[in-house]
Amino acid sequence: MKPRVRFAPSPTGYLHIGGARTALFNWLYARHTGGTFVLRIEDTDVARNTQEAVDAILSGLRWLGLNWDEGPLTGAATGPAKGDRGPYFQSQRRENYQRRVEALLSRDLAYEKEGAIWFRMTRQPILIPDLVVGDVLRRLTDREELDPDWVLVRRDGQPVFHFVNVVDDLEMGITHVIRGEDHLSNTAKHIALFRAFGVEPPQYGHIPLILNPEGSKMSKRDRGAALDAYIAQGFLPEAVNNYLCLLGWSPKDNTEKLPLAEVVARFDLPQILRHNAKFDYEKLMWLQGEYCRELPEDRFYEMSVRALAKAGMNTDRFDVRYVKAALDTCKGKIKTFGELPAYGGFYFKDEIAYDPEAAQKSFVPESKPRLEKLRDAFAKLTVFDAATIETTLKATTAGLGVKVGVLVHPTRLAVTGNPNGPSLYHLLEVIGKEKVLERINRALAAFPPAV
RNA sequence: GACCCUAUGGUCUAGCGGUUAGGACACCUCCCUUUCACGGAGGUAGCCCGGGUUCGAGUCCCGGUAGGGUCGCCA
């Protein structure tokens with residue numbers, strides 16, 4: 001029988017990186033084994049559920065490319081879904097829970113107390129066979145020693161997580177439960193419930209947690225915790241996926257950068273690590289840079305244009321060849337697309353704002369006549385390409401008896417407003433002689449007067 | 001507090017009784033480039049502690065310690 005796995009988030013916040021990693025591991029296992037990946041929305045906490053959170057889960061998974069074989073097609077709880085084990089929103093599965101409660105009640109495996117319905121929990125230690133951790137014998141804690149029973153249905157009629165989770169896994173035919181290790185202790189409750197229903201529990205695989213750099217569970221205030229931040233900052237899903245694969249799983253051969261398709265082929269539960277991993281934003285950023293640098297041109301352009309538009313820069317008013325040439329000088333230099341407006345925005349702006357700190361260093365009285373000399377040399381050029389520009393600039397500095405940097409820095413600042421950026425000679429070529437002269441003149445006017 | 005999981009450089013990890021303990025990120029130095037990146041060459045830095053087992057333990061066992069998780073009418 002082919003494995004059936006699921007990702008069952010509760011829509012109470014944003015999709016966080018730990019949830020995304022759990023989804024990814026389930027998806028990988030399904031794809032590796034030819035099994036089925038189910039998405040189920042656990043919206044039983046009516047007080048904390050939000051529609052935005054549901055939408056964020058669906059769009060986040062789609063952005064990562066983690067397509068589900070069964071589950072909702074839209075964020076609407078009563079909307080369309082694919083798969084024949086639905087509904088896939090727990091809020092739409094009330095009758096199932098009711099039926100299951102009654103079954104337990106009728107066999108005295110559950111009872112009512114103080115308006116809630118309680119499960120008669122075994123006092124015996126429960127063996128949790130775990131595909132990742134190994135066999136775990138869970139004993140009662142001292143608190144449970146007093147009374148191991150636990151609530152199935154709250155006084156307000158709402159069934160609790162442990163109950164609905166088990167009922168749904170049972171009815172949806174889930175064969176492997178791959179989830180965070182924070183559920184390991186609670187698995188004893190789940191196993192006992194499955195047995196109460198007369199069925200053997202699914203197989204479990206508890207994966208290690210993702211910790212923040214301080215060493216505790218990632219929370220929303222931690223940098224890098226929210227998936228939508230990556231989307232907003234112009235990360236690439238392949239980079240995020242790749243990094244997430246490396247947190248808690250290892251290809252065992254020192255490979256760091258590997259495409260998802262290869263992970264699908266190599267992924268399996270036994271190679272999942274047993275210890276928690278701290279989230280390393282820098283390493284994710286490194287992978288992001290790697291993937292960004294290798295992006296095919298058309299995708300790079302497409303994402304660049306979108307990032308610029310988001311920052312209010314409309315590239316449509318420029319010639320396509322100009323846009324492409326401009327973006328070419330940025331490719332391989334930026335890591336995320338969120339950096340692009342600040343890095344290469346000068347290509348698409350009319351007014352250049354000078355970096356104040358750099359202006360103080362470069363726009364000094366003694367460099368004014370030098371920059372004027374360069375401007376005059378540029379003005380005489382009939383060919384304005386990178387090579388000619390470089391030769392001209394170097395000849396000018398040589399004539400002045402100064403280092404190349406003496407002209408490079410003020411020129412860059414005058415034309416781009418930034419202390420650094422794409423190759424100066426190439427960016428000047430792209431911008432074109434006319435605009436370059438214009439910008440140099442404008443900068444010259446901004447120079448402080450000589451004393 | 002009880003129960004459970006875990007323990008290799010700052011971080012992610014390889015290792016599965018005999019290795020000069022390997023790789024990656026980060027960091028430092030140099031080269032390339034008089035921007036910033038990329039790239040190249042070096043470098044600093046590690047087996048939590050204590051007992052066993054063994055001719056020999058990062059590797060196996062036990063005990064500490066430390067970190068994490070769980071003990072809700074949250075999920």
Side-chain angles (χ1 to χ4, degrees), chain A residues 8-13 19 42-45 47-49 90 113-118 125 128 130 132-134 136-146 148 150-165 179-189 206 208-211 213-217 243 246-257 273-287 289-290 293 330-335 339 343 358 362 394 397 402-409 411-413 416 418-425 427:
Chain A
S10 61
T12 53
E42 305 218 334
D43 56 343
T44 52
D45 189 345
R48 294 200 299 152
N49 291 334
Q90 288 185 329
K113 187 178 81 180
E114 291 163 353
I117 298 178
W118 296 69
I128 304 167
D130 192 288
V132 173
V133 185
V136 175
L137 192 64
R138 169 61 154 80
R139 300 166 200 280
L140 297 182
T141 65
D142 56 356
R143 187 195 162 86
E144 290 165 336
E145 203 72 59
L146 267 35
W150 47 277
V151 168
L152 292 170
V153 182
R154 294 194 283 257
R155 195 164 23 206
D156 64 2
Q158 290 289 329
V160 306
F161 160 76
H162 299 299
F163 177 58
V164 295
N165 190 264
R179 61 181 13 166
E181 195 208 81
D182 47 343
H183 289 290
L184 183 56
S185 294
N186 287 147
T187 301
K189 290 182 178 177
H206 286 93
L209 268 22
I210 299 177
L211 272 27
E214 287 70 49
S216 49
K217 231 172 138 182
Y243 179 66
L246 263 23
L247 277 185
W249 174 81
S250 167
K252 303 287 186 190
D253 66 353
N254 286 336
T255 310
E256 304 283 342
K257 183 163 171 278
L273 300 154
R274 289 120 298 179
H275 56 270
N276 297 341
K278 286 182 186 164
F279 189 82
D280 184 355
Y281 198 84
E282 298 303 325
K283 185 144 184 179
L284 166 60
M285 193 54 102
W286 168 71
L287 274 169
E290 292 286 304
R293 198 173 305 120
C330 300
K331 186 149 187 265
K333 310 278 269 184
I334 57 164
K335 284 188 174 180
E339 298 166 22
Y343 188 84
S362 290
K394 285 182 174 167
T397 50
V402 296
K403 288 181 181 176
V404 180
V406 168
L407 272 182
V408 165
H409 299 297
T411 307
R412 174 184 296 285
L413 190 63
T416 73
N418 297 326
N420 50 49
S423 159
L424 179 67
Y425 310 123
L427 77 85

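On a predicted model such as this, the values are computed, not experimentally measured, just so you know.
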Nearest-neighbour nucleotide for the A/Val136 side chain, B/U70, B/C5, B/G22 considered = B/C5
Could you check how far CG of A/Asp142 sits from C1' of B/C4, rounded to whole Å?
-> 13 Å
Hey, does A/Arg48 reach any base, or is it just sugar-phosphate, or nothing, if we go heavy atoms under 4.0 Å?
-> base
If you measure from the C1' atom in B/G1 to the same atom in B/G22, how many Å do you get, rounded?
-> 43 Å
Interatomic distance at C1', B/A21 relative to B/C16, whole Å = 13 Å
Look at all strands and tell whether A/Arg412 reaches a base, only sugar-phosphate, or nothing, counting heavy atoms closer than 4.0 Å.
-> base
Check the pair A/Tyr243, A/Tyr281 against ring pair (Phe, Tyr, Trp, His ring centres under 6.0 Å), reporting the backbone distance first and the verdict last.
-> CA-CA 10 Å; A/Tyr243 179 66; A/Tyr281 198 84; 9.0 Å; no
Any A/Ser216 side-chain N or O less than 4.0 Å from OP1/OP2 of B/G68 | no
Could you work out the separation of B/C36 and B/U70 based on their P atoms and round it to a whole Å?
-> 47 Å
Nearest-nucleotide pick for A/Arg274, side chain only, options being B/U35, B/C71, B/U6 | B/U6
Looking only at side-chain N and O atoms, does A/Arg154 come under 4.0 Å of OP1 or OP2 in B/C74?
-> yes
With sugar-phosphate meaning primed atoms plus P, OP1 and OP2, does A/Glu256 contact a base, only sugar-phosphate, or nothing at under 4.0 Å between heavy atoms?
-> base
Proximal nucleotide (of B/C73, B/U34, B/C5) relative to the A/Val133 side chain | B/C5
Pick base, sugar-phosphate or nothing for A/His183, based on heavy-atom distances below 4.0 Å to the nucleic acid.
-> base
Given the P atoms of B/G51 and B/A41, what is the spacing between them in whole Å?
-> 43 Å
Ignoring the backbone of A/Thr44, work out which of B/A75, B/U34, B/C71 is nearest its side chain.
-> B/A75
Sugar-phosphate only, base, or nothing, as touched by A/Gly215 at under 4.0 Å among non-hydrogen atoms | sugar-phosphate
Report yes if a donor N or O on one partner sits less than 3.5 Å from an acceptor N or O on the other, where the partners are the side chain of A/Lys283 and the base of B/A24; otherwise report no.
-> yes
Reckon A/Glu114 touches a base, only the sugar-phosphate, or nothing at all at heavy-atom distances under 4.0 Å?
-> base
Would you indicate what A/Lys257 reaches in the nucleic acid, counting non-hydrogen atoms under 4.0 angstrom: base, sugar-phosphate, or nothing?
-> nothing
State the CG-CG distance between A/Leu247 and A/Leu209, to the nearest 0.5 angstrom.
-> 11.5 Å
A/Arg138, nearest nucleotide to its side chain (from B/G15, B/C3, B/C74) = B/C3
Output the distance between atom CZ (A/Arg139) and atom CD (A/Glu144), rounded to the nearest 0.5 Å.
-> 13.0 Å
Residue A/Val151, side-chain heavy atoms: nucleotide from B/U34, B/C36, B/C73 that is nearest = B/C73
Can you tell me how far NE2 of A/His206 sits from CD of A/Glu181, rounded to the nearest 0.5 angstrom?
-> 8.5 Å
Give A/Lys394 one of three labels, base, sugar-phosphate or nothing, depending on what nucleic acid heavy atoms sit under 4.0 Å from its own.
-> sugar-phosphate
Establish, with yes or no, whether the OP1 or OP2 oxygen of B/U34 is under 4.0 angstrom from a side-chain nitrogen or oxygen of A/Lys403.
-> no
Could you check which of B/U8, B/U34, B/G1 has an atom nearest any side-chain atom of A/His275?
-> B/U8
Euclidean distance for P, B/C74 against B/G15 (whole angstrom) = 43 Å
Whole-Å C1' distance, B/C48 and B/U59 = 16 Å
Checking all strands, does A/Gly248 fall into the base, sugar-phosphate, or nothing category for heavy-atom contacts under 4.0 angstrom?
-> sugar-phosphate
Pull up the glycosidic torsion of B/C38 and say syn or anti, syn being anything within 90° of 0.
-> syn
Length of the CG-C1' vector between A/Leu211 and B/A7, whole Å | 13 Å
Could you check whether A/Lys333 gets within reach of a base, just the sugar-phosphate, or nothing at all, counting any heavy atom under 4.0 Å?
-> base
Nearest atoms (heavy-atom pairs only) where A/Pro208 meets A/Gly248 = CG-CA, 4.1 Å
Look at all strands and tell whether A/Leu184 reaches a base, only sugar-phosphate, or nothing, counting heavy atoms closer than 4.0 Å.
-> sugar-phosphate
Any N or O donor-acceptor pair linking the side chain of A/Gln158 to the base of B/C73 at under 3.5 Å?
-> no
Is A/Ser185 side chain donor-acceptor paired with the B/G69 base, going by distance under 3.5 Å alone?
-> yes
Between CG of A/Asp280 and CG of A/Leu211, what distance do you get to the nearest 0.5 Å?
-> 13.0 Å
A/Ser250 near the nucleic acid: base, sugar-phosphate alone, or nothing, with a heavy-atom cut-off under 4.0 Å?
-> sugar-phosphate
Spacing of the C1' atoms in B/C32 and B/G40 (rounded, Å) = 8 Å
Using the P atom in both, what is the distance from B/A7 to B/C62, to the nearest Å?
-> 14 Å
Sugar-phosphate, base or nothing in reach of A/Lys278, heavy atoms under 4.0 Å | sugar-phosphate
Using a cut-off of 4.0 Å on non-hydrogen atoms, how would the nucleic acid contact of A/Tyr343 be classed: base, sugar-phosphate, or nothing?
-> base
Nearest nucleotide by nearest heavy atom, which residue falls closer to the 5' end of RNA chain B, A/Asp280 or A/Asn276?
-> A/Asp280
Roughly how far, to the nearest 0.5 Å, is CZ of A/Phe163 from OG1 of A/Thr44?
-> 11.5 Å
